[in-house]
J.: 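Take a look at the following structure, please.
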Amino acid sequence: MASSSSSVVCSWLMAACLSVACQKDSSISQPFLSASTTTLARRRKRALSKCVPHFSGIRNLMNSCLAFEPCDEFYKSSDGLSSSEFFFGFGSRNVPLHSRSRKLHRRAHFGEAMATAVQPSIVTVPKKKPPTKQRRVVVTGMGVETPLGHDPDLFYNNLLEGVSGISEIEAFDCSRFPTRIAGEIKSFSTDGWVAPKLSKRMDRFMLYMLTAGKKALADGGITEDVMDEINKARCGVLIGSAMGGMKVFNDAIEALRVSYRKMNPFCVPFATTNMGSAMLAMDLGWMGPNYSISTACATSNFCILNASNHIIRGEADMMLCGGSDAVIIPIGLGGFVACKALSQRNSDPTKASRPWDSNRDGFVMGEGAGVLLLEELEHAKRRGANIYAEFLGGSFTCDAYHMTQPHPEGTGIILCLEKALAQSGVSREDVNYINAHATSTPSDDLQEYRALIHCFGQNPELRVNSTKSMTGHLLGAAGAVEAVATVQAIRTGWVHPNINLENPDDGVDTNVLVGSKKERLDIKIVISKCLFGGIIGRAKRKEVSLKENSAIPVKLLL
């Protein structure tokens, strides 16, 4: 209370003193307002010198209890008026400078006294920010839930052997649909990963996300002891979903037909795309950046690149990132059937997904999740982490052409790849392996292929394949699952085959596409590309990259 009172007294004494000086010195009136900056400074100094006897005895008191801090406008001038000339206690920092100037002009015109703020005597010289070395981002853990396996090694071994995860749908009766096949996860368990109570309530996209995320932590060596030591305020989760909790929301609509009282109270939060990341963060106690991105089949790439940027900018030391989707339900299947986008090769499911083959008739839905554990390099070294790869950069672009089809000239794809190459400092001639988006749709496969050949076709060693020939299209999870496949390709030196490529489209060079068997490849640079973007990476002797209107270079540390 005493401090508050003395502050008011100080402000009043200074205002009164300066007002007396202003009244005695006729120079501080209308002519003062239009004077030059030099003249203003001289007159202010003369005016303040007259005030000194009035408050020199309480200078120390004023310095300690002055009730305000001058705003930025205090040090500027506009229309000949110094913004330091305002009424103590009445100046608003939100009022535009020209508006305040007009008010002071009017007050001076009508003979009202003005108070002038004291210019600080101590001038602070800004220090230049010392140059800092850019933080490097590495991959230290991977987790997957896919139709081909629930851990990265089993998943990739099945890819190398050409095993198809496409089969007849068993989750519900789909006999009335023209498409009855999908990349469905047949056996899935949350035991040991998710609490049973939550497991019964959550949508499967959230369950896939939580289990894959925790598996990535386990793969990265994040034990309970390590978890206790890390700064959880600098650990975040950025795992997206293209479709969100469609089953939870659909079930709520069906319940609403009876009564709102029958609705699941969790139907709204569990349907949103960000809730999976939020639940995982709450389970782990991670308080860093936490949100989701939903950009259709580019979802995972956007999440990976943004997570990497959080670490580079110093906002986090560790980030779980990727994507998850689970839409093999009646409304999901029906929606894509209505779009006429799905294959109807029901009699031979394993042959249904056939990128670049002239007999393809649409893509095959898949489900699952892929999660990468990204970490700042020095942070990973300090805890002795096993480093799989390093992200070098990335790029975002937009086709700005059509909801589902790429531009006929592939302009969006080419732009994204070129920007990614420029940012990562990678020469296009060094790219010799591309894990393509290649969904098995009639138009998209060819346009993507032509864009890739436009950018990298000069390299006679170039090899291209598609993971979707075996997994189907995992929608928002596609980018992350194929990022795991790409990192595994670098680790093993083997690239998986393109299955079902029996009659390639006209103009497709079979010397570029990987054949029906796995191939040993001395990988220099790999790009895992999700149609509208790409991710690039580099290694000591090999380089890798990931996916979609987002190109993210990856560097393997050998």
Side-chain angles (χ1 to χ4, degrees), residues 134-139 238 240 242 289 291-313 315 319 321-323 370 372 374 389-402 406-407 409-438 444 447-457 459 462 464 476 478-480 482-483 486-487 524-539 543-556:
Q134 179 168 307
R135 289 159 59 90
R136 297 167 65 184
V137 183
V138 295
V139 182
L238 209 176
Y291 57 101
S292 71
I293 297 173
S294 183
T295 50
C297 45
T299 292
S300 290
N301 273 26
F302 275 76
C303 291
I304 293 170
L305 181 52
N306 276 276
S308 177
N309 288 337
H310 281 302
I311 296 175
I312 291 172
R313 292 196 298 262
E315 298 162 355
M319 292 288 297
C321 58
L372 299 178
L374 300 186
E390 179 183 3
F391 285 91
L392 302 180
S395 175
F396 298 119
T397 62
C398 174
D399 239 20
Y401 175 71
H402 189 271
H407 191 281
E409 304 298 326
T411 53
I413 305 171
I414 294 170
L415 175 63
C416 186
L417 289 172
E418 289 180 344
K419 289 175 65 176
L421 289 170
Q423 181 177 355
S424 61
V426 171
S427 171
R428 67 181 65 200
E429 289 77 17
D430 291 334
V431 175
N432 68 334
Y433 170 49
I434 296 174
N435 185 311
H437 183 48
D444 293 1
Q447 292 169 10
E448 180 192 14
Y449 173 82
R450 290 166 182 161
L452 295 177
I453 295 301
H454 172 86
C455 291
F456 309 107
N459 188 344
L462 181 67
V464 179
E482 290 162 31
T486 304
V487 174
K524 298 177 181 177
I525 300 178
V526 129
I527 296 179
S528 174
K529 161 89 192 46
C530 195
L531 189 58
F532 295 120
I535 303 172
I536 306 172
R538 162 184 339 214
E543 303 201 17
V544 79
S545 170
L546 308 181
K547 271 194 113 53
E548 188 115 334
N549 255 19
S550 56
I552 306 178
V554 183
K555 178 179 179 182
L556 181 65

J.: Could you give the distance from CD1 (Ile414) to NE2 (His454), rounded to the nearest 0.5 Å?
T.: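 If we round to the nearest 0.5 Å, Ile414:CD1 and His454:NE2 are 4.0 Å apart.
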J.: Hey, what do you get for CG (Asn306) to CG (Leu238), rounding to the nearest 0.5 Å?
T.: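 So the gap between those two atoms works out to 6.0 Å.
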J.: Leu374 versus Val139: any side-chain heavy-atom pair under 4.5 Å?
T.: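 Side chain of Leu374 against side chain of Val139, heavy atoms only: contact under 4.5 Å found.
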J.: Main chain of His437, side chain of Glu448: is a donor-acceptor contact present, judged purely on distance under 3.5 Å?
T.: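 At least one qualifying donor-acceptor pair exists.
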J.: Please report the shortest heavy-atom distance between Ser294 and Ala242, naming the atom on each side.
T.: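 Heavy-atom minimum between the residues: OG-O, 3.3 Å.
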J.: Rounded to the nearest 0.5 Å, what separation is found between the CZ atom of Arg450 and the CD1 atom of Ile453?
T.: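 It is 11.0 Å, given to the nearest 0.5 Å.
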J.: Quick one: pull up OH in Tyr449 and CD1 in Ile413 and give me the separation to the nearest 0.5 Å.
T.: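 It is 13.5 Å, given to the nearest 0.5 Å.
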J.: Would a 4.5 Å heavy-atom cut-off, applied to side chains only, mark Leu417 and Phe456 as touching?
T.: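 In contact.
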J.: To the nearest 0.5 Å, what is the distance between CG (Leu462) and CD1 (Ile434)?
T.: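 CD1 of Ile434 is found 5.0 Å from CG of Leu462.
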J.: Just by distance, do the side chain of Gln447 and the backbone of Gly410 share a donor-acceptor pair under 3.5 Å?
T.: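 Looks like no, no N/O pair under 3.5 Å.
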J.: Do the rings of His310 and Tyr291 sit parallel, tilted or perpendicular, given the 30° and 60° boundaries?
T.: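 His310 and Tyr291: perpendicular rings.
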J.: Is there a donor-acceptor contact under 3.5 Å from the side chain of Ser308 to the main chain of Ile304?
T.: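 No, Ser308 side chain to Ile304 backbone: no donor-acceptor pair under 3.5 Å.
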J.: Does any part of the side chain of Leu372, heavy atoms only, come nearer than 4.5 Å to the side chain of Phe391, both counted from C-beta?
T.: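 A side-chain contact exists here, since the closest heavy-atom pair is under 4.5 Å.
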J.: Is any side-chain heavy atom of Tyr433 closer than 4.5 Å to a side-chain heavy atom of Ile527?
T.: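 No. Closest side-chain heavy atoms not under 4.5 Å.
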J.: Using modelled atom types and a 3.5 Å cut-off, is there a donor and acceptor pairing between side-chain atoms of Thr299 and backbone atoms of Gly476?
T.: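 Answer holds: no.
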J.: Are Glu409 and Thr411 linked by a side-chain donor-acceptor pair shorter than 3.5 Å?
T.: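 Per modelled atom types, Glu409 and Thr411 side chains form no pair under 3.5 Å.
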J.: Roughly how far apart are Ile293 CD1 and Cys303 SG, rounded to 0.5 Å?
T.: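 Going from the CD1 atom of Ile293 to the SG atom of Cys303 covers 4.5 Å.
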J.: Grab the two heavy atoms, one from Ala420 and one from Ser395, that are nearest each other, plus how far apart they are.
T.: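 So the minimum-distance heavy-atom pair works out to N-CB, 3.9 Å.
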J.: Quick one: closest heavy-atom pair of Ser300 and Ala480, and the distance?
T.: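 Closest pair (atom of Ser300, atom of Ala480, distance): CB-N, 3.1 Å.
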